[in-house]
Amino acid sequence: MCGRFNVTDDPALQALLGELGIDLALPTRSNIAPTESIAMVRRANGPELVDLRWWLTPRWARQVDQKYAMFNARAEGLETSRAFSEPFRRRRGIVPMSSFIEWRSEQGGRQPYVIETAGAALAVAAVWEQWQGDDALVESCALVTVAAAPGFQQIHNRMPLLLVGEERQRWLDVTTPLAANDALFAPAMKLPLRATPVSRQLNNARNKDTALLAATAEPIELS
C-alpha cells in the first residue's frame, strides 16, 4: 500500500518531471497524507501538472467524504471496480515523489520506513476522477498498488505501482487500453529500493518536519 509520501525539490525530481514533459518545480513536502492536495501529471492536449485531492471521490458519490478507503486502488480490481474502472480506462496519471513511507510491526509498535531509490525520483501510477457538487467541482485521485515484489515483502505485502521507462508513457496514453494482466502490473522489483527506518513521530500525519526523515538505524537494501 502507500499511505504517505515525500517530495524533495532536487535534481532527481526535476529530471523525472522533465521526462514527463513538465517544466515546473514542486515544493519540498514531507509526510504527505491522504485527503491532502497532491501534484499529478496527466495528458490532455499535452502533459500538464495539476493538484488533486488524494482520496478519490467517485462521480456517483453523494458527497465528498472518507466513508470508503479510496486513497489506494488495487491493480487487481481496476477493470471491475465500480469506482475505479472508468478512471482506469479514461483518466490515468502519474504522481511524482521522492520517496514513500511504509510501516511494519516491530517490537515497540509500528516502525515507519522511508522507501526510495538512489539518485532518482519515483513515478507512481494513479487514477483520477471528477466529482460535481451543487457548487463545486472536485478532482481527486488514488494511487495504484500491486502485490509486493518478493524483495519488498519483508516490509509489506503491497507496494505502489512504480512506472519505469516506456511504461510511463503507456500509462499516460489513455487512447491505448491496458489489460489487467499487462506485464507492468507484475510484482517485480523494477528499481533497487532502500528502506530506511525513521522517527516514529511520522506515524502522526500532522508531523511534517523534514528532519524526521533522518535515519534512526541502518537502511535495508531491498532486491
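In what follows, residues are counted from 1 in the order of the sequence shown.
Looking at S85, its side chain never comes within 3.5 Å of a backbone N or O of L78 through a donor-acceptor pair. When atom types are taken as modelled, the side chain of S199 and the backbone of Q201 share a donor-acceptor pair closer than 3.5 angstrom. Although no hydrogens or angles enter the test, the distance criterion places no donor-acceptor pair under 3.5 Å between the side chain of E167 and the main chain of W171.
Of the candidates R59, R92, R90, E129 forms a salt bridge (charged side-chain N to carboxylate O under 4.0 Å, His left out) with just one, namely R59. Of the residues listed (I115, V146, L122, V144), the one engaging L162 in a side chain to side chain contact (heavy atoms under 4.5 Å, CB included) is L122, and it is the only one. When the options N207, V114, V198 are evaluated for a side chain to side chain contact (heavy atoms under 4.5 Å, CB included) with L212, the one that passes is N207.
Here the side chains of L178 and T176 are not in contact, with every heavy-atom distance at 4.5 Å or above.
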- [ ] Any chance you could lay out the salt bridge (Lys or Arg N to Asp or Glu O under 4.0 Å) test for E102 and R158, step after step, and finish with the verdict?
- [x] CA-CA 10 Å; E102 193 51 83; R158 305 286 300 179; over 6 Å; no
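Of all heavy-atom pairs between A147 and M159, the closest is O-CG, 4.2 Å.
To the nearest 0.5 angstrom, I22 atom CD1 is 7.0 Å from L17 atom CG.
Residues meeting the side-chain contact (heavy atoms from CB on, under 4.5 Å) test with T57, sequence neighbours left out: R53, A61, V64, W131, S140.
Electrostatic pairing of R89 and E79 does not count as a salt bridge here, judged by no charged N lying under 4.0 Å from a carboxylate O.
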Side-chain donor-acceptor pairs of residues 179-187 under 3.5 Å, sequence neighbours excluded:
unit_1: D182; atom_1: OD1; unit_2: R170; atom_2: NH1; d: 3.3
unit_1: D182; atom_1: OD1; unit_2: R170; atom_2: NH2; d: 3.4
unit_1: D182; atom_1: OD1; unit_2: L184; atom_2: N; d: 3.0
unit_1: D182; atom_1: OD2; unit_2: R170; atom_2: NH2; d: 2.4

Below 3.5 Å, can you tabulate the donor-acceptor pairs from side chains in residues 37-46 to any protein atom, sequence neighbours excluded?
unit_1: R42; atom_1: NE; unit_2: E48; atom_2: OE2; d: 2.6
unit_1: R42; atom_1: NH1; unit_2: E139; atom_2: OE1; d: 3.4
unit_1: R42; atom_1: NH1; unit_2: E139; atom_2: OE2; d: 3.4
unit_1: R42; atom_1: NH2; unit_2: E48; atom_2: OE2; d: 3.3
unit_1: R42; atom_1: NH2; unit_2: E139; atom_2: OE1; d: 3.4
unit_1: R43; atom_1: NH2; unit_2: Q169; atom_2: OE1; d: 2.2

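The distance between the ring centers of F5 and W54 falls below 6.0 angstrom.
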